[in-house]
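Comments concern the structure below.
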Protein chains: 2
Amino acid sequence: MDNGVADLERDRSRLGRSSTAERVADILRDRISEGFFEPGQRLSEEAISEALGVSRNTLREAFRLLGHERLLDHRLNRGVFVRILSAEDVADLYRVRRVIEGAAVRRSPTPQALGLIKEAVADAERAAARDDWRAVGTANIRFHQALVTLNRSPRLDEAMRQLLAELRLVFHVMKNPRDFHEPFVERNRRLLELLEGGRVDEAAAFLDGYLDHAERLLVHAYDPDA
Amino acid sequence: MDNGVADLERDRSRLGRSSTAERVADILRDRISEGFFEPGQRLSEEAISEALGVSRNTLREAFRLLGHERLLDHRLNRGVFVRILSAEDVADLYRVRRVIEGAAVRRSPTPQALGLIKEAVADAERAAARDDWRAVGTANIRFHQALVTLNRSPRLDEAMRQLLAELRLVFHVMKNPRDFHEPFVERNRRLLELLEGGRVDEAAAFLDGYLDHAERLLVHAYDPDA
DNA sequence: ACATAGGAATCGTTGAACAATTCGACAAGA
DNA sequence: TCTTGTCGAATTGTTCAACGATTCCTATGT
């Protein structure tokens with residue numbers, strides 16, 4: 001039973017600041033979103049607490065945290081599992097994105113937020129130029145995160161952060177990252193231009209089409225018979 | 001040190017189903033939102049675990065849950081405190097409401113959702129007729145919760161639930177519940193009519209004014225010099 | 001093949017213990 | 001008097017060991 005769990009021991013070095021439970025949660029969150037733990041996989045309390053060198057109680061506090069973020073599925077007396085998103089979950093995540101990002105593009109952009117967005121677009125383009133599609137994906141995520149800051153709401157920022165973490169759970173099903181990320185590099189640039197030009201309605205409409213497309217790609221790869 | 005903690009012991013009867021930690025969280029959540037615990041008050045691990053008859057470890061799991069819901073403020077090595085919302089927090093909560101509820105009213109209403117909304121409006125009117133302003137407040141909250149269901153997104157429903165729980169932390173500062181709740185009974189009815197009439201833009205504009213007003217009332221009572 | 005009864009493994013929860021940290025009190029010194 | 005430093009009590013952070021409860025697997029018997 002060392003489903004890559006032994007490997008975790010290297011992360012013990014990261015333990016040393018703030019609350020242990022939170023640091024454990026940070027580590028597990030990273031591992032989950034990078035696909036190190038696969039959706040559906042059970043996370044054994046004993047194995048992980050031993051691998052990270054923390055007590056079961058502390059680990060359980062971390063599990064609660066991640067469960068609340070919907071990254072883990074906590075089933076009573078059965079343990080915690082890496083969350084498996086249904087097609088309906090994906091649809092719901094995109095519903096939320098349309099609401100939050102849609103509201104964002106309708107606001108008058110601040111120079112600061114625009115700077116972040118620009119940077120993300122440029123990063124994505126650079127990564128695409130060198131065929132690093134993993135980096136493109138990361139930059140695209142940063143793009144949307146930056147987009148949401150237009151709302152100037154810490155809570156919406158946080159909600160978006162969680163939403164994207166959840167979405168990463170399903171990004172890994174895309175066998176070919178290029179197909180999934182490439183089409184959006186150009187679109188991000190276009191959306192940025194619309195924002196800079198203050199063409200709010202066009203930007204909103206463009207974003208809707210954008211999200212529709214992304215959702216379709218994802219749901220198709222995820223659940224081919226849908 | 002029995003800041004009403006002794007009273008908690010009656011809630012022990014509610015322990016008996018599902019996970020203990022979650023049930024403890026339920027109890028504390030209720031107590032907080034009903035104002036039994038005041039914002040800023042420290043919740044002693046020892047006192048509460050003893051009062052509820054659960055171990056400290058279990059109680060701490062419950063604390064983590066509520067901390068993540070922003071109802072508790074967890075300060076390292078100092079304990080957990082009932083959250084104190086700043087005026088800026090209130091403003092942010094209303095920003096989120098404008099986004100989520102604004103998106104809701106722009107969607108074509110389903111008969112089911114409309115039914116829930118109607119019910120909430122009627123309840124509020126009945127409660128107002130008998131001068132029960134506490135009940136009016138509850139019905140008004142239900143009204144907005146129902147409004148959000150128009151989005152047909154479980155995650156937005158959940159986000160709204162949390163948001164309203166957080167908002168309840170500050171509702172208690174309103175010394176006179178009538179002043180705060182009465183003006184909105186009529187407005188809820190009006191908003192319902194606009195929705196039924198399919199007058200989307202008017203409904204959206206009306207809602208914005210609605211939320212502006214509510215926020216102003218709240219911030220004023222909360223932070224008189226703002 | 002199928003139901004069932006163990007039995008092993010794991011979770012849920014507790015209670016005790018100890019280290020780490022905070023905070024107030026109090027004393028020493030400027 | 002005010003500041004600073006130190007001590008000690010109180011509380012949190014974390015671990016550990018234990019045990020009942022639940023789930024899952026497997027072997028047994030029909």
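In what follows, every chain begins at residue 1, and chains take the letters A, B, ... in the order their sequences are listed.
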Could you state the [atom1]-[atom2] distance from [X] to [N], rounded to the nearest angstrom?
X: Arg42(B); N: dT21(C); atom1: CZ; atom2: C1'; answer: 13 Å
X: Leu59(B); N: dG15(C); atom1: CG; atom2: P; answer: 13 Å
X: Glu45(A); N: dT22(D); atom1: CD; atom2: P; answer: 16 Å
X: Arg60(A); N: dC11(C); atom1: CZ; atom2: P; answer: 9 Å
X: Glu46(A); N: dT23(D); atom1: CD; atom2: C1'; answer: 16 Å
X: Phe81(B); N: dT12(D); atom1: CZ; atom2: C1'; answer: 11 Å
X: Asn57(B); N: dC19(D); atom1: CG; atom2: C1'; answer: 15 Å
X: Glu61(A); N: dG13(D); atom1: CD; atom2: P; answer: 8 Å

Here the ring-ring contact (aromatic ring centres under 6.0 Å, His included) pairs for residues 69-92 of chain B, sequence neighbours left out, are none

Run the numbers on Leu169(B) and Asp89(B) for side-chain contact (heavy atoms from CB on, under 4.5 Å), then give the verdict. CA-CA 11 Å; Leu169(B) 281 177; Asp89(B) 282 318; over 6 Å; no

* **Short N-O contact, Asp157(B) and Arg152(B), less than 4.0 angstrom** => no

Is any side-chain N or O of [X] closer than 4.0 Å to OP1 or OP2 of [N]?
X: Thr20(B); N: dT13(C); result: yes
X: Ser19(A); N: dT14(D); result: yes
X: Thr58(B); N: dG12(C); result: no

Is it the case that the ring center of Tyr210(B) lies less than 6.0 angstrom away from the ring center of His144(B)? yes

Is it the case that the base of dG12(C) and the side chain of Arg78(A) share a donor-acceptor contact (distance under 3.5 Å, atom types as modelled)? no

Numerically ordered, the residues 63-77 of chain A set in heavy-atom contact under 4.0 Å with DNA chain C is His74(A), Leu76(A), Asn77(A)

Sorted by chain and number, sequence neighbours left out, ring pair (Phe, Tyr, Trp, His ring centres under 6.0 Å) with Phe180(B) holds for Phe171(B)

Residues 163-174 of chain A vs side-chain hydrogen bond (donor to acceptor under 3.5 Å, both in side chains), sequence neighbours excluded, gives Arg83(A)-Glu166(A), Glu166(A)-Arg155(B)

Taking only N/O atoms, report every protein-nucleotides 7-9 of chain D pair under 3.5 Å with atom names and distance.
none

Assert: residue with more 5' nearest nucleotide on DNA chain D, out of Arg56(A) and Leu43(B), is Leu43(B)

Please set out all donor-acceptor pairs under 3.5 angstrom arising from side-chain atoms of residues 131-138 of chain B, sequence neighbours excluded.
from      : atom 1 : to        : atom 2 : distance (Å)
Asp132(B) : OD1    : Arg134(B) : N      : 3.4
Asp132(B) : OD1    : Ala135(B) : N      : 3.1
Thr138(B) : OG1    : Arg134(B) : O      : 3.2

_Does Arg31(A) qualify as a cation-pi partner of Phe37(A), given the criterion of NZ or CZ under 6.0 Å from the six-membered ring centre and within 45 degrees of its axis?_
no

Practice item. Test Gln145(B) against Leu164(B) for side-chain contact (heavy atoms from CB on, under 4.5 Å), laying out the working first. Key: CA-CA 8 Å; Gln145(B) 188 77 59; Leu164(B) 288 172; 3.6 Å; yes

